Enquirer: 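Take this structure first; my questions come after.
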Amino acid sequence: MVRQMANRSDPTGQNLAANPLEQRGAPITSAEAMGRNAQTALKVAGRRQGATPDALESMLADRANETPQRIVQDFAEITGIDPAEIGGDFTAQTARLRAQARPFYERAYGFNEPVINDTLRRLMTRPSVRNAIARAERIAEEEGIDPRMVGIVRDASGNPQVTESPTLRTWDYVKRGLDDVMEGYRDPTTRRLNLDTEGRAVQDTLSRLRDALTDSDTGWGPAYARALQAGGEPLRLEGAFNAAKTLMSNTTAEREFNSRLAQMGEAELEALRAGIVADVRTRAMAGRQRLGDMLTRSYEQKLMRVFGDERGRQLIQRIQDERFLLTHGRRMQPGIGSDTSETQLGNQEQQESMRTAGRAAYHAVHGNGVGALLELAGDPIMGMLRGAQMPVDEATRDAMGRLLMLPPSELSRVLRDYAASRGTPFLESAQVQQLIERMSVAAKSTAASQSQRQAPPSPYRSEALNQALSSGP
């Protein structure tokens with residue numbers, strides 16, 4: 001029966017042997033791979049007596065519950081970003097990116113003229129900048145560099161200060177020191193900035209210093225801006241990371257999304273990608289992941305814009321796979337919803353097969369062997385013509401259910417082994433043997449009762465039918 005369904009739905013066998021969803025890692029069943037008829041057969045088996053309902057219900061429930069985690073794994077696999085490794089230490093990420101962007105900084109340092117103007121002179125008087133200069137001195141020393149070589153000297157009181165003619169390298173060290181000052185406001189537990197009034201003033205000073213050093217109207221600004229974009233900055237990386245949730249929301253217009261992306265350098269884009277993966281994981285852990293929201297045209301376009309067309313399409317395909325599994329899983333889930341016309345039709349075919357067994361038993365009891373054989377042979381033949389091969393007993397239904405719940409490649413292997421065997425078809429022969437045994441039992445039971453009753457039982461009465469099908473050896 002399962003082999004015939006497979007042959008009808010997949011004549012070449014390729015959809016079972018190399019099912020695309022299974023190859024992408026989706027836990028698809030053979031019934032889903034073979035299409036609607038096989039799904040209906042499994043659904044019918046899952047709503048009748050036997051082991052199939054519990055097994056099917058457990059399998060589909062576990063599969064649905066694991067959907068969020070599979071999507072997280074898909075994002076990790078395709079993007080190369082491990083959600084478990086994403087943390088809030090943007091200073092460490094900046095150090096790694098800065099090392100990669102060293103050529104950009106070397107070109108920016110090539111500006112040999114003094115980097116000074118009224119804005120920078122005013123900023124030097126602010127307490128946070130004086131603190132940053134002291135930190136810059138220590139950073140240089142920790143890197144094995146004489147602070148005087150980068151333009152940081154001591155005044156008469158022994159306090160560190162920048163030279164009268166600071167270079168861009170001098171200001172880069174000062175800015176790194178001011179980045180560290182801002183990190184001092186970060187909560188060690190939540191890894192979020194906890195800014196008080198002074199902290200917000202320091203943040204404003206950092207923003208003004210950055211603007212002065214990246215001013216496109218100056219000789220030094222454009223080159224340093226490119227270096228910062230490549231090397232990253234802790235606060236801007238954090239901002240891009242935290243913006244992922246809002247930017248990927250379907251309520252954020254694509255124009256606003258594209259405008260924000262145009263302002264990001266590669267380092268910030270990397271932080272945004274990590275933020276998207278982290279948001280997917282957060283929603284999955286909280287049970288707030290909605291596949292419909294991830295399959296809108298807006299979300300799909302944003303994925304391709306951030307991760308590139310190829311990886312974006314791969315992510316979309318994995319999400320579509322999961323929606324397929326959820327949709328068809330709900331359709332086959334025992335105990336959920338009401339029977340559709342497909343299920344009712346399947347039940348009717350099963351009941352008709354049982355009535356066939358009853359009529360065959362009746363003919364056998366009365367010595368009409370030809371009639372019994374015609375009943376047994378006629379219904380399966382007509383079933384083949386109708387394309388309906390439904391199980392007729394609990395054991396056969398459970399065997400079919402186990403096969404249809406197998407992964408497609410596993411069922412393909414089973415069917416290949418079956419085709420290579422020389423014996424008679426197992427399921428069909430077992431089915432006929434069970435019917436013959438029941439006919440024999442029914443004949444003995446009826447013959448014993450005829451000494452007390454003259455009229456034989458009618459094959460169309462439920463009592464006779466139950467006796468023919470339920471009696472054991």
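Residues take their numbers from the sequence shown, with the count starting at 1. All of these numbers come straight from a predicted model, not from anything done at the bench.
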Enquirer: For residues R331 and Q39, is any side-chain donor paired with an opposing acceptor at under 3.5 Å?
Expert: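 Indeed, the side chains of R331 and Q39 share at least one donor-acceptor pair under 3.5 Å.
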Enquirer: Supply the atom-to-atom distance E141 CD to D146 CG, rounded to the nearest 0.5 angstrom.
Expert: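 Those atoms lie 8.0 Å apart.
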Enquirer: Do I81 and I276 have side-chain heavy atoms sitting under 4.5 Å apart?
Expert: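 Answer no - side chains too far apart.
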Enquirer: With sequence neighbours excluded, what pairs up with Y185 under the ring pair (Phe, Tyr, Trp, His ring centres under 6.0 Å) test?
Expert: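 Here no residue qualifies.
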Enquirer: Is there a side-chain contact (heavy atoms from CB on, under 4.5 Å) between L178 and R135 once you walk through the steps?
Expert: CA-CA 8 Å; L178 194 53; R135 287 176 176 267; over 6 Å; no
Enquirer: Report all side-chain donor-acceptor pairs from residues 23-30 shorter than 3.5 Å, counting only partners two or more places apart or in another chain.
Expert:
unit_1 : atom_1 : unit_2 : atom_2 : d
R24    : NE     : D321   : OD2    : 2.6
R24    : NH2    : D321   : OD1    : 3.0
R24    : NH2    : D321   : OD2    : 3.3
T29    : OG1    : E32    : N      : 3.2
T29    : OG1    : E32    : OE1    : 3.0
S30    : OG     : L406   : O      : 2.7
S30    : OG     : P407   : O      : 3.3

Enquirer: In Å, rounded to the nearest 0.5 Å, how long is the span from CD1 of I152 to OG1 of T163?
Expert: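 Here the interatomic distance stands at 9.0 Å.
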Enquirer: For atom CZ of R200, decide whether the heavy atoms of other residues, nucleotides or ligands shown that lie under 6.0 angstrom number more than 12.
Expert: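 Yes - once you tally the heavy atoms of other residues, nucleotides and ligands closer than 6.0 Å, there are more than 12.
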Enquirer: Do E238 and N242 touch side chain to side chain, with heavy atoms closer than 4.5 Å?
Expert: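 Side chain of E238 against side chain of N242, heavy atoms only: contact under 4.5 Å found.
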Enquirer: List for me each residue that meets side chain to side chain contact (heavy atoms under 4.5 Å, CB included) alongside F111, sequence neighbours excluded, and say none if there are none.
Expert: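 Testing F111 for side chain to side chain contact (heavy atoms under 4.5 Å, CB included), a comparison that skips the adjacent residues, returns E113, V115, W220.
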Enquirer: What I want to check is whether the side chains of S412 and R416 have a donor and an acceptor closer together than 3.5 Å.
Expert: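 Yes, R416 and S412 have a side-chain donor paired with an acceptor closer than 3.5 Å.
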Enquirer: For a side chain to side chain donor-acceptor pair (under 3.5 Å) check, start with the C-alpha distance between T67 and R70, then their side-chain angles and the critical distance, and finish with the verdict.
Expert: CA-CA 5 Å; T67 298; R70 285 197 301 273; 3.2 Å; yes
Enquirer: With distance as the sole criterion, is a donor-acceptor pair present between the side chains of N194 and R186 under 3.5 Å?
Expert: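 Checked: N194/R186 side chains show no N/O donor-acceptor pair below 3.5 Å.
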Enquirer: Working to the nearest 0.5 angstrom, can you tell me the gap between S165 OG and N112 CG?
Expert: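 Rounded to the nearest 0.5 Å, the OG-CG separation comes to 12.5 Å.
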Enquirer: Please check this pair: side chain of S216 against backbone of P222, looking for a donor-acceptor N/O pair closer than 3.5 Å.
Expert: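 Such a contact is absent between S216 side chain and P222 backbone.
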Enquirer: Check the pair I316, M294 against side-chain contact (heavy atoms from CB on, under 4.5 Å), reporting the backbone distance first and the verdict last.
Expert: CA-CA 8 Å; I316 294 166; M294 303 175 74; over 6 Å; no
Enquirer: Cut-off 3.5 Å, side chains only: do T251 and S249 have a donor facing an acceptor?
Expert: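 Yes - a donor-acceptor pair under 3.5 Å links their side chains.
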Enquirer: Just by distance, with hydrogens left out, do E143 and Y173 show a side-chain donor and acceptor under 3.5 Å apart?
Expert: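 Yes, a side-chain donor-acceptor pair sits under 3.5 Å.
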Enquirer: With R305 as the cation and F257 as the aromatic partner, state whether NZ or CZ is under 6.0 Å from the six-membered ring centre and within 45° of the axis.
Expert: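 Geometry flag: not set, cation outside 6.0 Å or 45°.
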Enquirer: Inspect the contact between E142 and R138 and indicate whether a charged nitrogen and a carboxylate oxygen are less than 4.0 angstrom apart.
Expert: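 Looking at R138 and E142, the cut-off is not met.
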Enquirer: Measure the shortest side-chain to side-chain distance between T79 and F307 over non-hydrogen atoms and say whether it is less than 4.5 angstrom.
Expert: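 Counting from C-beta outward, T79 and F307 do come under 4.5 Å.
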Enquirer: Could E233 and K175 be called an ion pair, given the rule that one side-chain N must be under 4.0 Å from one carboxylate O?
Expert: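 Looking at K175 together with E233, the answer is yes, because their closest N to O distance falls below 4.0 Å.
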Enquirer: Y224 versus F104: any side-chain heavy-atom pair under 4.5 Å?
Expert: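 Counting from C-beta outward, Y224 and F104 never come under 4.5 Å.
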Enquirer: Sequence neighbours left out, what passes side chain to side chain contact (heavy atoms under 4.5 Å, CB included) with S58? Give chain and number order.
Expert: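 Scan of S58 (side chain to side chain contact (heavy atoms under 4.5 Å, CB included), adjacent residues dropped) gives D62.
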Enquirer: Within a strict 4.5 Å, meaning less than it, do heavy atoms of the V72 and E77 side chains meet?
Expert: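 No, side chains not in contact.
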Enquirer: Does atom CD (Q49) have a neighbourhood of more than 12 heavy atoms from anything else shown, all under 6.0 Å?
Expert: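 12 or below, so no.
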Enquirer: Could you walk me through whether R102 and E106 pass the salt bridge (charged side-chain N to carboxylate O under 4.0 Å, His left out) test, one step at a time?
Expert: CA-CA 6 Å; R102 183 174 179 178; E106 292 297 335; 3.6 Å; yes
Enquirer: Please check this pair: side chain of T252 against backbone of T246, looking for a donor-acceptor N/O pair closer than 3.5 Å.
Expert: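 Yes, because the side chain of T252 sits within donor-acceptor range (under 3.5 Å) of the backbone of T246.
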Enquirer: Check each of T119, L228, L120, D172 against L213 using the side-chain contact (heavy atoms from CB on, under 4.5 Å) test, and report the only one that passes.
Expert: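 The side-chain contact (heavy atoms from CB on, under 4.5 Å) with L213 is passed solely by L120 among T119, L228, L120, D172.
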Enquirer: V153 versus Q161: any side-chain heavy-atom pair under 4.5 Å?
Expert: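 With C-beta onward as the side chain, the pair touches.
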Enquirer: For the pair N250 and Y299, evaluate side-chain contact (heavy atoms from CB on, under 4.5 Å) and give the outcome as yes or no after the intermediate values.
Expert: CA-CA 6 Å; N250 290 310; Y299 194 91; 3.9 Å; yes
Enquirer: Return the set of residues passing side chain to side chain contact (heavy atoms under 4.5 Å, CB included) with E270 (not counting sequence neighbours), or none when no residue passes.
Expert: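 Partners of E270 by the side chain to side chain contact (heavy atoms under 4.5 Å, CB included) criterion, ordered by chain and then number, come out as R96, L97, R273.
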Enquirer: Drop me the distance from R130's CZ to L123's CG, to the nearest 0.5 angstrom.
Expert: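 If I round to the nearest 0.5 Å, the distance is 12.0 Å.
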Enquirer: To check you understand the geometry: which heavy-atom pair defines the closest contact between V150 and A140, and what is its length?
Expert: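 Residues V150 and A140, closest heavy atoms: CG2-CB, 4.3 Å.
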Enquirer: So do L326 and L291 actually touch side chain to side chain, heavy atoms under 4.5 Å?
Expert: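 Yes, close enough: below the 4.5 Å cut-off.
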Enquirer: To the nearest 0.5 Å, how far apart are CD in E164 and CD1 in I116?
Expert: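 Atom-to-atom, E164:CD and I116:CD1 are 10.0 Å apart.
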Enquirer: For K302, what residues pass the salt bridge (Lys or Arg N to Asp or Glu O under 4.0 Å) criterion, not counting sequence neighbours?
Expert: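 With sequence neighbours excluded, K302 shows a salt bridge (Lys or Arg N to Asp or Glu O under 4.0 Å) to no residue whatsoever.
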Enquirer: So with a 6.0 Å cut-off around CZ of R297, is the heavy-atom count from everything else above 12?
Expert: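 Not more than 12 within 6.0 Å, no.
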Enquirer: Under 4.0 Å between a Lys/Arg side-chain N and an Asp/Glu carboxylate O for R402 and D398?
Expert: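 Salt bridge between R402 and D398, a charged N being under 4.0 Å from a carboxylate O: no.
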Enquirer: For the atom pair CZ (R288) and CG (D293), what is the distance rounded to the nearest 0.5 Å?
Expert: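 The CZ atom of R288 sits 11.5 Å away from the CG atom of D293.
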Enquirer: Give the intermediate values and the outcome of side-chain contact (heavy atoms from CB on, under 4.5 Å) for residues R148 and R154.
Expert: CA-CA 9 Å; R148 292 173 296 180; R154 296 278 181 139; over 6 Å; no
Enquirer: Can you check whether S409 reaches E22 side chain to side chain, under 4.5 Å on heavy atoms?
Expert: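 They are in side-chain contact.
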Enquirer: Does R208 pair with D204 as a salt bridge, N-O distance under 4.0 Å?
Expert: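 Salt bridge present between R208 and D204.
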